[in-house]
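Computed over heavy atoms, backbone and side chain alike; hydrogens, waters and symmetry mates excluded. All ligand and atom numbering here is 1-based and tracks the order in the structure.
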Amino acid sequence: MKTVTTVSELNSVIDSYRKDGKTVGFVPTMGYLHDGHLSLVKTAKDKCDITVVSIYVNRSQFNQSSDFDSYPRDFQKDQDVLENIGCDLLFLPSEEEMDRVPLRYVYSAQGVDKELEGEYRSGHFKGVMEVVGRLLDVTQPTIAFFGEKDFQQYAVLKAFCDENEIPVNLALVPTKREYDGLAMSSRNVRLNADARKVAGKLYAEMMSVKAKAKNTDVSELLNSSRISLEKHGFTIDYFRVAKLKGDKRLFAAASLGGVRLIDNILIED
Ligand code: AMP
């Protein structure tokens with residue numbers, strides 16, 4: 001695996017792949033890699049000739065600088081993991097390097113960025129669109145891979161790429177979960193032992209709503225799940241059903257012991 005830190009090095013390596021007629025799969029991440037990230041990398045390897053991963057902790061998508069500062073990082077371990085899994089190229093840019101890439105798109109996402117996370121994390125999706133737009137510009141992949149765990153992020157980026165006519169296919173990869181259903185996330189290491197014991201309850205309540213949704217009033221189910229989660233110590237931002245990109249999904253965001261968890265599952269397509 002090659003590791004590059006500058007756009008010019010990245011361009012020259014990717015140009016050489018393209019000259020050989022290779023398809024390029026791209027997986028943008030913020031690092032501190034877990035099996036969820038690695039399933040994106042494996043899918044990219046299956047679908048494309050070459051796999052490129054970026055690791056960049058993007059300041060502009062964080063709402064609080066303390067959250068950005070304390071975001072877990074272990075670039076050496078990430079590099080080893082990617083090498084072992086057979087990633088071809090790692091792009092590890094500095095903030096200065098990314099800031100030099102022009103912002104040249106419309107960042108409206110046709111309004112998909114306004115609800116759910118958009119209500120609670122003002123400016124978050126603009127930051128995501130800015131960095132992913134820049135990364136797509138410098139990588140120009142055949143397919144870019146995103147996790148279903150952040151389904152709204154995928155929907156925002158799809159709308160962003162469509163609106164700006166960015167020539168890339170976006171692929172969605174299923175959510176990887178821990179033994180108790182907790183969606184894997186780099187932030188999970190911040191859960192203390194007590195919080196970790198109850199964290200799987202979020203997914204359990206989501207699945208319980210899904211199981212009963214056909215025969216019971218969904219708003220009652222959602223209410224009783226919210227009450228149950230609050231009893232277990234969750235502070236809920238939202239736990240609601242919404243339609244995004246034609247899918248009816250149950251979206252959840254809740255904090256537990258100061259760690260904000262997000263998740264979603266398909267209720268109906
Ligand atoms: P992040 O490093 O959190 O920005 O995530 C990078 C990519 O990995 C995004 O497309 C996420 O949706 C995806 N991802 C994060 N966690 C998971 C997971 N548990 N399962 C599948 N994909 C994930």
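Here the protein heavy atom with the shortest distance to atom 21 (C) of ligand 1 is P174 O, 3.5 Å. Looking at atom 10 (O) of ligand 1, its nearest protein heavy atom turns out to be G147 N, 2.9 Å. Nearest protein heavy-atom contact of atom 4 (O) of ligand 1 is M30 CG, 3.6 Å. Of the protein's heavy atoms, K176 N, 2.9 Å lies nearest to atom 20 (N) of ligand 1. The nearest heavy-atom contact from the protein to atom 5 (O) of ligand 1 is H37 NE2, 3.5 Å. Among protein heavy atoms, atom 12 (O) of ligand 1 sits closest to D150 OD2, 2.6 Å. Distance from atom 6 (C) of ligand 1 to its nearest protein heavy atom, with residue and atom name: P28 O, 3.4 Å.
Listed by number with element, the atoms of ligand 1 under 4.0 angstrom from any heavy atom of F146 are 10 (O). The contact set between ligand 1 and M184, taken as ligand atoms under 4.0 Å from a residue heavy atom, comprises 16 (N), 17 (C), 18 (C), 19 (N).
Using 4.0 Å as the threshold, H34 has a heavy atom nearer than that to some atom of ligand 1.
Under 4.0 Å from ligand 1, the heavy atoms of L40 that appear belong solely to its side chain. Looking at K149 against ligand 1, only its side chain comes within 4.0 Å, counting heavy atoms.
Looking only at distances, a side-chain donor or acceptor of N63 sits under 3.5 Å from a matching main-chain atom of S122. Of the possible polar contacts, one joining the S185 side chain to the R187 backbone as a donor-acceptor pair under 3.5 Å is found.
Ring planes of F160 and Y107: parallel class, angle under 30° (limits at 30 and 60°).
The nearest non-hydrogen atom to atom 3 (O) of ligand 1, considering only Y71, F151, Y154, Y32, comes from Y71.
Cation-pi geometry between R73 and F68 is met: under 6.0 angstrom from the ring centre, within 45 degrees of the axis.
Each of N264, I267, I265 was checked for a side chain to side chain contact (heavy atoms under 4.5 Å, CB included) with F251, and the lone residue meeting it is N264.
Side chains of E9 and T6: a donor on one and an acceptor on the other come within 3.5 Å. One side chain, N58 or Q61, offers a donor N or O that lies under 3.5 Å from an acceptor on the other.
Looking at ligand 1, you won't find any N or O of V173 less than 3.5 Å from one of its N or O atoms.
Taking CG from L10 and OG from S8, the interatomic distance works out to 9.0 Å, rounded to the nearest 0.5 Å. A distance of 6.0 Å separates CG of L256 from CG of L191, quoted to the nearest 0.5 Å.
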